[in-house]
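Letters A, B, ... are given to chains in the order of the sequence lines, protein chains preceding strands, and every chain is numbered from 1.
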Protein chains: 2
Amino acid sequence: MQVDELTTLGRRDRKKRQTRAALAAAALRLVAERGLDQVTVEDISEAADVSARTFFNYFPTKDDALVGDSEGDRERVLRALAAVPAEQPALEALRRAFIGAVEEAQGDAELWQLRLRVVTQHPVLLGRLVTGNATTERALVEAIAARTGLPADDAYPALVVAVAGAALRAAMIRWATGDAHRLATLLDESFATIAAGLPDPRTG
Amino acid sequence: MQVDELTTLGRRDRKKRQTRAALAAAALRLVAERGLDQVTVEDISEAADVSARTFFNYFPTKDDALVGDSEGDRERVLRALAAVPAEQPALEALRRAFIGAVEEAQGDAELWQLRLRVVTQHPVLLGRLVTGNATTERALVEAIAARTGLPADDAYPALVVAVAGAALRAAMIRWATGDAHRLATLLDESFATIAAGLPDPRTG
DNA sequence: CTAAAACTTTGCAGCGTATGCACCTTTGGC
DNA sequence: GCCAAAGGTGCATACGCTGCAAAGTTTTAG
């Protein structure tokens with residue numbers, strides 16, 4: 001797959017991907033080293049050896065070079081959700097939909113953990129992540145409503161999606177901060193705890 | 001209390017509050033009318049009859065004039081949490097801690113619903129809200145860890161706080177989008193559903 | 001009542017982010 | 001090779017935001 005794509009694509013597209021990846025990597029590295037405000041778009045562009053103007057041909061804002069591709073993630077998660085049999089409970093369906101995205105991150109563990117560390121160190125980026133996820137969340141709410149046969153304005157779909165997102169976020173943060181477990185395992189544990197009603201560990 | 005504050009404070013502080021409120025209100029009104037990018041800081045300052053430079057003496061960024069006072073909210077929620085008996089389960093403790101903040105919003109219903117509508121229409125602001133809440137979330141995680149006697153790096157406190165936050169957010173959005181219910185009622189329903197393990201409505 | 005102290009407002013200069021436009025180079029199909 | 005399409009670049013411009021110093025207002029002290 002990977003090789004196919006690389007050989008099929010022309011030189012132009014290959015260079016584009018390269019440039020994009022170089023910009024994202026440079027941005028991440030520089031910000032991890034110096035902090036968000038000590039890195040300008042010009043610094044990043046220089047490190048990737050393109051003009052500052054070109055940076056904005058690839059990313060609409062500086063932050064976007066840091067937070068990853070929320071659109072791609074959205075498509076992947078929605079496709080995965082559609083592939084889960086409709087008779088599965090909503091929460092379980094969401095768990096399965098997330099697993100795919102999560103295993104991808106596991107593959108690029110180094111990049112993703114760097115990204116997560118940078119993001120947690122700069123809450124404003126955390127906000128940007130949420131911005132990207134807002135669209136995904138709306139789409140998931142619709143999908144869950146359709147799947148469960150609930151009216152579009154029922155409280156349940158919005159709630160279960162918000163909670164599932166919280167579980168994903170908690171698992172990823174935990175994973176990034178040095179926990180040795182596999183991300184998928186952490187995600188499963190979070191979902192299991194939620195399905196049990198989040199019992200207080202002292203009593204349950 | 002309110003009256004005491006107003007009469008005790010000198011003219012200077014009263015004017016400051018006035019200016020701050022005028023800026024926030026003007027920002028909210030203008031953005032609701034025209035959209036975020038069609039309103040400049042100068043527009044807002046003009047509407048509040050101060051210079052643009054003065055705007056930045058009150059709010060560090062344009063967005064901050066729109067999203068409200070996360071610091072104040074944080075203090076209130078933390079105090080409320082501390083007042084809940086330690087033997088209450090973590091999830092229930094968080095529900096009670098949120099109720100106070102929520103009733104405050106209910107009091108200023110008009111302002112808050114305008115704010116929530118503006119925020120949901122501009123996801124980037126939703127991100128800003130989260131940025132403000134990130135600090136609150138960290139503090140809540142610590143408080144829950146202490147309260148339950150769990151180690152600071154256990155998965156449970158982070159998960160239960162993230163989920164409770166999701167419930168609060170879902171309830172507020174639902175409340176803002178025209179639902180006639182009281183906000184506190186919507187919050188209680190969300191928490192009840194979560195405590196039951198988010199059963200799929202088709203089966204349970 | 002007055003004068004000093006403390007604080008607020010303001011203009012200005014300057015940096016960084018972001019966008020639109022025109023020009024140039026590279027690429028891929030013919 | 002040639003041409004159309006697309007990416008890269010420089011320039012001009014608008015807005016967001018900060019530091020500084022001057023000017024005005026409120027408070028406090030004598």
Spacing between [X] atom [atom1] and [N] atom [atom2], to the nearest angstrom:
X	N	atom1	atom2	answer
Arg14(A)	dG7(D)	CZ	P	16 Å
Glu42(A)	dA18(C)	CD	C1'	14 Å
Leu23(A)	dG7(D)	CG	P	15 Å
Leu66(B)	dG16(D)	CG	P	12 Å
Asp37(B)	dG20(C)	CG	C1'	15 Å
Gln38(B)	dT19(C)	CD	P	13 Å
Asp64(A)	dA18(C)	CG	C1'	12 Å
Asp63(A)	dA18(C)	CG	P	7 Å

Taking only the side-chain nitrogens and oxygens of [X], find out if one of them lies under 4.0 Å from OP1 or OP2 of [N].
X	N	result
Thr54(A)	dT9(D)	yes
Lys15(B)	dT25(D)	no
Ser51(B)	dT10(C)	yes

**OP:** Could you say whether Lys16(A) or Thr61(B) is positioned toward the 5' end of DNA chain D, judged by the nucleotide with the nearest heavy atom to each?
**Re:** Lys16(A)
Original post:
When you measure from the side chain of Phe56(B), which nucleotide among dA18(C), dG16(D), dT8(C) comes out closest?
Top reply: dG16(D)
Original post:
Which of these nucleotides, dG16(D), dT10(C), dT17(C), is closest to any side-chain atom of Lys62(B)?
Top reply: dG16(D)
**OP:** Step by step, work out the side-chain hydrogen bond (donor to acceptor under 3.5 Å, both in side chains) result for Thr61(A) and Asp64(A).
**Re:** CA-CA 5 Å; Thr61(A) 73; Asp64(A) 279 293; 2.7 Å; yes
Subject >> Most 5' of Val39(A) and Asn57(B) on DNA chain C, judged by nearest nucleotide >> reply: Asn57(B)
Original post:
Under the 3.5 Å rule, do the base of dG19(D) and the side chain of Arg53(B) count as making a donor-acceptor pair?
Top reply: yes
Subject >> Minimum side-chain heavy-atom gap Glu42(B)-Phe55(B) below 4.5 Å >> reply: no
Original post:
Heavy-atom distance under 4.5 Å between the side chains of Arg74(B) and Thr135(B), does that happen here?
Top reply: yes
**OP:** Indicate the atoms forming the closest heavy-atom contact of Ala176(B) with Leu116(B), along with that distance.
**Re:** CB-CB, 3.4 Å
**OP:** Mind running side-chain hydrogen bond (donor to acceptor under 3.5 Å, both in side chains) on Ser190(B) and Thr193(B) for me, showing each step along the way?
**Re:** CA-CA 5 Å; Ser190(B) 289; Thr193(B) 307; over 6 Å; no
Original post:
Just checking Tyr58(A): base, sugar-phosphate only, or nothing, at a heavy-atom cut-off of under 4.0 Å?
Top reply: sugar-phosphate
